[in-house]
Amino acid sequence: MKLPSSFLDNMKNLLSDEYESFLRTYDEERAYGLRANTLKISVEEFLKISPFNLSTINWSSDGFYYKENIRPAKSPLYNAGLYYIQEPSAMAPVEFLDVKRGHKVLDLCAAPGGKSIQIASKLQGEGILVTNDINSNRVKALVKNIEMYGVKNVLVVNDSPQRLSKNFEGYFDRILVDAPCSGEGMFRKDEGLIKSWEKDDISIYPNMQKEILESASKMLKVGGKLVYSTCTFNINENENIIENFLKENNNFKLLNIDKNYGISEGLGIKEVGRLWPHKLKGEGHFLALLQKTDGEVINHDLEKANNKPPQVYRDFEKENMNISLEGNFITINDNLYLAPKDLIKIKSLKVVRTGLLLGKIKKNRFEPSQAFAMVLKKEDFKRVINLTKDSTEVIKYLKGETIFVEGQKGLNLITVENFPIGFGKLNGSTLKNGYEKSWRWI
Ligand SMILES: C[S@@+](CC[C@H](N)C(=O)[O-])C[C@H]1O[C@@H](n2cnc3c(N)ncnc32)[C@H](O)[C@@H]1O
């Protein structure tokens, strides 16, 4: 791997005695990780059905290393949203955010959504997750992941931190700022990033990070906690950002990150955490935990809750389901959503998902969405066709092909090893494939 000489000079300056040992990591295998999605499966149950050889990641409650030769995205269990593939050190920021059930949490720079899903699994369906990214292309991946992993209590937003801060002043218990950065910790994972690092002007990041953190801080409640993280080694994007922020915001204090599992002190700041590839099995991350100690307490106007769904939706439930959903139903452009509770009135923000997208209201019927299938349990649906993870049928289903199976006529929930992956309509033994087109295997 050919690393830019200016990068190596910077690292030598930062690491002095440790530089040689850091440099050697580029000749070693990188770390591969995945996290069980505890919204759908417990860690114990996951380990029972997982076909992979896994070992524990110490700083994560549900994260595991896997070996390079395994391709976990090629198992149908992945499409059931049972695990997320995530670089091991990227699992640390949410572990230190101290998210509790019922919290209101913001993930401000969220796409493609690995850390949002991790936050959602800590919330376990209680409270609310607002997940945002400014980049409209990357938001598409964020939406897909939110849906595939079965997150319901969510607002997906595609807007700027500044505009968000006008809506959510003093609203959140927890905020994650996983900031855009020069990505120096990603070189082993993606060599293409070395070229971008050389080509791009990385000096733009500190100002961008400063502005994002400033907007984020306005949205935190008094007493609330914020994690600022990056996947770069550059001190200007890490310790210096925090030092400068604390100088300008004396209503914030820095909390200590426990230095277990090979996590190190920061450069010149003891409280922050550094995950170095030469000190633990991970590609590298920086994280700082801040708490707001003082500020204005804001009361927000809440949206009217408990809107009823249209009758066609209730008819659909009666015909197909063993459960009936309760909550606040909202229709936007013929799309029916189950909105999160305690939603505040939103003014002029680009919201792409207001809770769970249940489906489309057509003239006199309701058509369920892929996202709806992904939040169900097999016992919620009247007709279920279960496929085994190693069957040719499940692969064909994921490719969008017609399959031939036994079952009851009508709309069926299709499951793999009893975990939902989508819908299909059975007529005789022919299953019309309902798997979302944009999710299909190619
Ligand atoms: C490090 S990545 C986030 C990774 C993500 N947290 C995850 O775990 O999957 C940083 C993200 O910040 C987004 N971004 C860049 N500028 C931003 C801004 N001003 N406000 C919000 N997001 C921004 C980028 O589009 C990018 O998706």
Side-chain angles (χ1 to χ4, degrees), residues 33-35 37 60 63 83-97 99 105-122 129-149 151 154-168 172 174-187 189-190 193 196-197 200-202 204-219 226-234 237-238 241 275 282-288 349-352:
L34 58 78
R35 253 185 344 87
N37 176 18
S60 163
Y83 52 90
Y84 186 88
I85 298 167
Q86 191 175 32
E87 191 280 301
S89 57
M91 297 176 189
V94 174
E95 290 295 339
F96 286 96
L97 189 56
V99 174
V105 187
L106 171 66
D107 186 0
L108 188 54
C109 311
K115 297 184 182 79
S116 277
I117 285 148
Q118 202 178 353
I119 292 168
S121 71
K122 307 259 179 222
L129 166 66
V130 177
T131 177
N132 174 74
D133 202 282
I134 203 165
N135 182 318
S136 54
N137 261 328
R138 289 177 64 90
V139 161
K140 288 181 195 148
L142 176 61
V143 168
K144 178 179 173 187
N145 281 326
I146 288 292
E147 294 187 338
M148 190 160 109
Y149 291 89
V151 184
V154 68
L155 209 66
V156 185
V157 185
N158 173 208
D159 223 313
S160 70
Q162 211 190 7
R163 281 162 55 88
L164 260 101
S165 71
K166 300 230 160 70
N167 278 269
F168 290 107
F172 293 103
R174 299 288 182 266
I175 297 181
L176 175 65
V177 177
D178 189 37
C181 68
S182 54
E184 292 170 355
M186 292 290 111
F187 291 169
K189 190 175 166 203
D190 180 357
L193 291 175
S196 328
W197 189 94
D200 297 348
D201 176 11
I202 63 161
I204 59 164
Y205 286 111
N207 266 341
M208 198 187 280
Q209 290 152 345
K210 177 178 189 291
E211 277 176 29
I212 294 174
L213 185 56
E214 202 58 55
S215 296
S217 68
K218 295 191 180 118
M219 295 187 262
L226 182 155
V227 164
Y228 172 87
S229 58
T230 74
C231 61
T232 201
F233 302 124
N234 200 312
E237 301 177 47
N238 294 326
I241 294 286
L275 283 82
E283 297 308 290
H285 240 73
F286 169 87
L287 58 143
L349 268 190
K350 196 169 160 210
V351 176
V352 281

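Quantities reported herein were computed from a predicted structural model and do not represent experimental measurements. Remember, it's 1-based here, ligands and their atoms both numbered in the order they're listed.
Taking any N or O of P161, backbone or side chain, none lies under 3.5 Å from an N or O belonging to ligand 1. For ligand 1, the polar-atom distance check against R138 finds a nitrogen or oxygen pair separated by under 3.5 Å. At under 3.5 Å, not a single nitrogen or oxygen of I212, backbone or side chain, sits near a nitrogen or oxygen of ligand 1.
A heavy-atom separation below 4.0 Å is found between A110 and ligand 1. A heavy-atom separation below 4.0 Å is found between P112 and ligand 1.
Applying the salt bridge (Lys or Arg N to Asp or Glu O under 4.0 Å) test to E87 and every residue at least two apart in sequence or in another chain returns nothing.
No side-chain heavy atom of L97 sits less than 4.5 Å from a side-chain heavy atom of K122. Proximity of K218 to Q162: side-chain heavy atoms (C-beta onward) are nowhere separated by under 4.5 Å. The side-chain heavy atoms of V157 and F168, taken from C-beta on, include no pair separated by under 4.5 Å. N37 places none of its side-chain heavy atoms less than 4.5 Å from the side chain of Y84. The shortest side-chain heavy-atom distance between P180 and I212 falls under the 4.5 Å cut-off. Using a 4.5 Å heavy-atom threshold, the side chains of N234 and Y205 count as separate. Counting heavy atoms from C-beta on, the side chains of P93 and H285 come closer than 4.5 Å.
Protein heavy atom closest to atom 6 (N) of ligand 1, with residue, atom name and distance, is D178 OD2, 2.7 Å. Shortest contact from atom 12 (O) of ligand 1 to any protein heavy atom: C109 CB, 3.3 Å. For atom 4 (C) of ligand 1, the closest heavy atom belonging to the protein is A111 O, 3.1 Å. In this structure, atom 15 (C) of ligand 1 lies nearest to the protein heavy atom P180 CG, 3.5 Å. In this structure, the protein non-hydrogen atom closest to atom 13 (C) of ligand 1 is D133 OD2, 3.3 Å. Among all non-hydrogen protein atoms, the one lying nearest atom 21 (C) of ligand 1 is L108 O, 3.7 Å. Scanning all protein heavy atoms for the shortest distance to atom 23 (C) of ligand 1 gives I134 CG2, 3.5 Å.
Of all the atoms in ligand 1, the ones that sit under 4.0 Å from a non-hydrogen atom of N135 are 25 (O). Near K115, meaning under 4.0 Å from any of its heavy atoms, are these atoms of ligand 1: 8 (O). Close contacts of ligand 1 with A179, meaning ligand atoms under 4.0 Å from a residue heavy atom, involve 1 (C).
When C181, G183, G113 are checked for heavy-atom proximity to atom 9 (O) of ligand 1, G113 turns out nearest.
Residues N238 and T230 bring a donor and an acceptor atom of their side chains to less than 3.5 Å of each other.
By the 4.0 Å N-to-carboxylate-O rule, K115 lies close enough to D178 to be salt-bridged with it.
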